[in-house]
Amino acid sequence: MERIYLDHAATSPVHPQVAEKMVKLLNEQYGNPSSIHSFGREARQILDSARTLLAKSINASFNEIIFTSGGTEADNMAIIGAAHAAKDKGMHIITSSIEHHAVLHACHALESEGFQVTYLPVDEKGLVNPEVVRQALTDETTVVSIMYGNNEVGTIQPIAEIADILKEHQAVFHTDAVQAYGIENLDVKQIGVDLLSVSSHKINGPKGIGFLYAREGVKVKPRMHGGEQEKKRRAGTENVSSIGAFAEAVKIAEETKEERREKYLGFKKKFIEILTQHEVYFVVNGFVDEALPHVLNLSFAGTDVEAMLVNLDLSGVAASSGSACTAGSIEPSHVLVAMFGNDSDRLRNSIRFSFGLNNTEEQIEMAAEKTAAIVNRLAKQ
Amino acid sequence: MERIYLDHAATSPVHPQVAEKMVKLLNEQYGNPSSIHSFGREARQILDSARTLLAKSINASFNEIIFTSGGTEADNMAIIGAAHAAKDKGMHIITSSIEHHAVLHACHALESEGFQVTYLPVDEKGLVNPEVVRQALTDETTVVSIMYGNNEVGTIQPIAEIADILKEHQAVFHTDAVQAYGIENLDVKQIGVDLLSVSSHKINGPKGIGFLYAREGVKVKPRMHGGEQEKKRRAGTENVSSIGAFAEAVKIAEETKEERREKYLGFKKKFIEILTQHEVYFVVNGFVDEALPHVLNLSFAGTDVEAMLVNLDLSGVAASSGSACTAGSIEPSHVLVAMFGNDSDRLRNSIRFSFGLNNTEEQIEMAAEKTAAIVNRLAKQ
Amino acid sequence: MSFNNLDALYRQVIMDHYKNPRNKGSLEDGSLTVDMNNPTCGDRIHLTMTVKDGKVEEAKFDGEGCSISMASASMMTQAIKGKDVETAYKMAEIFSDMMQGKEYDEDIDLGDIEALQGVSKFPARIKCATLAWKAMEKGLKENE
Ligand SMILES: Cc1ncc(COP(=O)(O)O)c(C=O)c1O
Ligand SMILES: Cc1ncc(COP(=O)(O)O)c(C=O)c1O
Ligand code: FES
Ligand code: FES
């Protein structure tokens with residue numbers, strides 16, 4: 001049975017060219033970029049050119065890119081690092097209630113240190129209202145963190161509008177762009193953020209690498225102490241081969257972005273069309289069009305998420321109940337709770353399909369057919 | 001000109017089998033271990049078997065291994081995490097003055113939070129006296145961190161003796177075994193430590209991965225917040241391919257340990273013999289025999305470390321002035337300062353040669369000949 | 001005096017010999033010369049002695065080594081100067097026993113040397129302490 005992977009928002013397959021780059025680097029470039037001999041200088045060059053490419057991809061400059069071990073570390077560094085750096089200016093943080101756990105749990109950690117955190121509500125489409133951000137601001141607010149595109153429902157936030165509101169305020173503005181990077185056009189100058197998190201494994205790069213964009217002049221207290229890597233902002237021997245491979249993934253993502261946007265949006269529409277043809281009753285959580293192109297979250301009345309996922313898995317379709325980190329547990333998604341409240345059926349009957357590399361139109365059709373059959377069987381019971 | 005890499009303590013080439021394993025995993029296993037579908041379950045299996053193998057390598061159990069992004073993160077997590085977890089029992093930390101910066105700077109970060117840190121002296125061979133540890137202990141001490149084997153001079157500390165002293169004390173005992181792991185026989189039950197740090201790239205594994213051993217029951221406050229990975233102790237999507245490749249490196253290291261120990265010790269002796277033949281005046285910093293077999297740190301009277309390194313580099317020999325993280329700077333090594341004081345000539349004329357994969361007897365001979373020629377030329381001036 | 005203070009005193013004696021070594025230097029040509037190095041650390045000693053009528057007349061050392069090896073060399077030269085060869089051998093034997101933590105003959109006065117007793121607890125350093133003694137034995141044997 002052909003397996004169909006529709007969980008690219010959880011993690012994505014590594015692009016063959018990226019794997020090739022990785023193995024080339026692993027075999028040929030083993031110097032430590034901090035070493036002054038020729039092996040070290042060669043490794044440093046790989047770092048430098050990767051950094052240049054990544055900076056360019058978001059219209060940032062070379063020194064504004066800090067490599068991390070992934071999106072979680074970038075989020076933690078941004079939020080905790082910026083909050084600690086600005087402790088003398090206040091201890092109030094603003095975020096939304098639909099952030100990834102990397103952001104929410106970093107905020108909880110700050111709360112346990114005495115910081116105050118406001119978790120902004122969203123509407124039933126998962127949108128944060130910029131006006132509500134304005135109202136939540138106080139003189140004590142030092143960090144605002146609102147994600148760019150949501151990983152569970154794909155909703156894109158009005159980041160530029162929020163940045164506008166924050167222009168005159170002391171608070172630094174962070175956005176978790178882990179799901180948006182590589183599929184949305186991100187220009188940090190245009191959207192006006194101070195900090196932006198990215199993870200490689202969501203864009204067909206290797207796991208365990210990512211970066212934090214930190215605008216020149218924005219203070220972030222380092223959280224990893226040791227060597228003087230990353231201009232003393234993040235210690236630890238640089239992961240040269242993963243960084244080089246990550247850069248390769250970014251290059252490919254940039255080159256194919258428009259084409260992939262169109263393709264995934266087509267997949268969404270196809271999926272919906274087939275379900276409709278089979279008279280499946282479903283509702284879209286979030287938006288279809290004005291959302292991350294690769295994320296489609298559907299609620300199927302009368303079904304149960306766990307039965308759905310098991311049946312999909314048995315028929316070879318890999319989908320998810322939301323963020324992978326809590327997929328193992330039966331707790332309802334905090335994103336759906338924020339959108340629909342505690343009592344909605346949707347908390348227990350929503351499935352996320354997310355598209356990516358190697359998915360074909362045929363796969364989408366087959367997955368939709370299978371989903372329709374499963375829903376129609378389960379919902380009838 | 002053949003280049004000879006004698007800087008394996010800075011970082012080491014990836015073993016071809018490890019690179020092969022990595023590319024296989026990158027190409028075939030892209031699931032997220034937190035996902036419940038088949039892709040996720042396969043990824044989970046890779047994690048599980050790697051964890052089993054790593055645990056066995058130090059006689060620990062499965063749940064005592066926490067994957068990190070490398071040695072620096074393991075050290076930071078151990079020291080800051082353990083200090084924060086035991087804050088109600090006291091705020092005093094003991095470490096040595098020859099630790100890696102990952103430990104020392106983590107301690108500085110704690111100092112800036114109000115913790116008190118005692119940096120123990122070492123003798124001129126880089127040894128910490130266990131009696132001095134005993135004398136430094138107070139009722140407020142919560143963490144003691146003494147490295148297993150030093151990265152600059154190779155000195156091995158009396159860890160088991162120190163563990164014995166700490167048996168009756170509340171303090172948890174951490175050892176940075178980044179340089180010792182894979183070449184020394186480490187049995188956490190025998191040496192009696194609570195926390196132990198390891199990094200993959202020092203043992204021919206990929207960069208950007210490592211682990212912290214945390215004995216069952218020992219409390220370490222998580223520093224990476226987000227998903228529930230690593231039993232909620234370290235958030236972030238697991239770096240499956242690097243972890244699998246790391247396990248491969250460990251397997252090879254365990255199988256070849258005895259043979260490599262003998263080989264590297266032979267290299268040391270050969271190197272010394274050739275220098276002696278050429279009537280080079282040198283002194284060993286640290287020990288030859290009872291030290292890490294792969295580290296040889298030599299002081300050449302009348303030379304200057306920078307001129308030495310540049311000349312060695314030009315003649316194809318990659319060596320180092322000590323830890324790679326500070327190799328770019330002209331600051332004298334804190335390890336040599338701790339051993340010889342601030343005024344010793346050795347601070348400015350010591351070179352670390354470190355041996356590893358692919359080094360041959362011929363390479364060592366050639367490197368020693370070249371070193372002899374350079375020293376004899378430079379020292380005459 | 002508590003055990004700890006005794007330890008501290010011994011450390012003081014060792015540091016004193018290390019910082020102000022007795023008999024540092026090299027004797028003129030024609031004397032017994034021994035070069036020995038400690039294989040575990042690469043440290044070395046250059047020992048020169050003159051023997052006349054079965055007595056060690058002069059002894060000087062030079063070298064590059066840790067505090068224990070240099071202090072031990074300083075004490076050793078001090079101890080054997082003026083003693084007859086047999087006594088020097090005997091002292092080396094006693095010293096070796098002391099380092100191995102064995103019972104040793106306490107009839108001969110060792111003076112400062114007793115300060116090194118604690119070294120026996122640090123296996124890595126025993127070779128440091130015995131280096132100078134081994135050199136002395138080697139030199140006297142070669143002279144026989
Ligand atoms: C929106 C978002 N933020 C952060 C993360 C965490 O990134 P990483 O898995 O690289 O730690 C993820 C994915 O897990 C995500 O989807
Ligand atoms: C003793 C020691 N501790 C910690 C580290 C840091 O490990 P990593 O480079 O994996 O962050 C190193 C090497 O850089 C080391 O030699
Ligand atoms: S979001 Fe308003 S009609 Fe769908
Ligand atoms: S360490 Fe070399 S003689 Fe003591």
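The basis for the numbers below is simple: all heavy atoms, side chains too, and nothing from hydrogens, waters or symmetry mates. The chains referred to below are lettered A, B, ... by the order of the sequence lines, with proteins before strands, and numbering in each begins at 1.
B:N32 places none of its side-chain heavy atoms less than 4.5 Å from the side chain of A:D7. With a 4.5 Å cut-off on side-chain heavy atoms, B:H225 and A:I79 do not count as touching.
Between the side chain of A:H101 and the backbone N or O of B:G226, no donor-acceptor pair lies under 3.5 Å.
The salt bridge (Lys or Arg N to Asp or Glu O under 4.0 Å) analysis of residues 32-42 of chain A, with sequence neighbours excluded, yields the pairs A:R41-B:D313, A:E42-B:R3.
What you find for B:T11 and A:Y30 is that their closest heavy atoms are CG2-O, 2.9 Å. Nearest heavy-atom pair across A:E238 and B:K207 is O-CD, 3.1 Å. Residues B:N27 and A:A19 share a closest heavy-atom pair of OD1-CB, 3.4 Å. Closest non-hydrogen pair, A:Y5 versus B:H37, comes out as CE1-CE1, 3.8 Å.
Top candidate by heavy-atom pairs under 4.5 Å with chain A, chosen from B:P16, B:G31, B:G71, is B:G31. Most heavy-atom pairs under 4.5 Å with chain A: of the set B:L26, B:V18, B:V14, this distinction falls to B:L26. With chain B as partner, the option from A:P206, A:C107, A:G40, A:S38 having the largest number of non-hydrogen pairs under 4.5 angstrom is A:S38. With chain A as partner, the option from B:E28, B:R223, B:H201, B:E73 having the largest number of non-hydrogen pairs under 4.5 angstrom is B:R223. If you tally non-hydrogen atom pairs under 4.5 Å between each of A:A319, A:P13, A:A109, A:G210 and chain B, the highest count goes to A:P13. The choice from A:L104, A:T72, A:V103 that makes the most heavy-atom pairs within less than 4.5 Å of chain B is A:T72. Interface remark: of the candidates B:V317, B:D75, B:N76, B:L312, B:N76 forms the most heavy-atom pairs closer than 4.5 Å to chain A. Between chain A and the residues B:P33, B:A235, B:A43, B:P222, the largest count of heavy-atom pairs under 4.5 Å involves B:A235.
Summarising the local packing, NZ of B:K24 is surrounded by 12 or fewer heavy atoms from other residues, nucleotides or ligands at distances under 6.0 Å. Counting non-hydrogen atoms of other residues, nucleotides and ligands closer than 6.0 Å to NZ of A:K221 gives a total of 12 or fewer.
Here A:K232 contributes atom NZ and B:H105 contributes atom NE2; the two are 8.0 Å apart, rounded to the nearest 0.5 Å. The line from OG of A:S69 to CG of B:N239 is 8.5 Å long, rounded to the nearest 0.5 Å.
Neither the backbone nor the side chain of A:R44 has a heavy atom closer than 4.5 Å to any heavy atom of chain B. For A:E20, no part lies under 4.5 angstrom from a heavy atom of chain B. Contact of A:I209 with chain B is not made at all, since no heavy-atom distance falls under 4.5 Å. Both the backbone and the side chain of A:M224 come within contact range of chain B, each with at least one heavy atom under 4.5 Å from a heavy atom of that chain. When heavy atoms are compared at a cutoff of 4.5 Å, A:S12 approaches chain B solely by way of its backbone atoms N, CA, C and O.
Contacts between residues 240-248 of chain A and chain B, defined by a heavy-atom separation under 4.5 Å, are made by A:V240.
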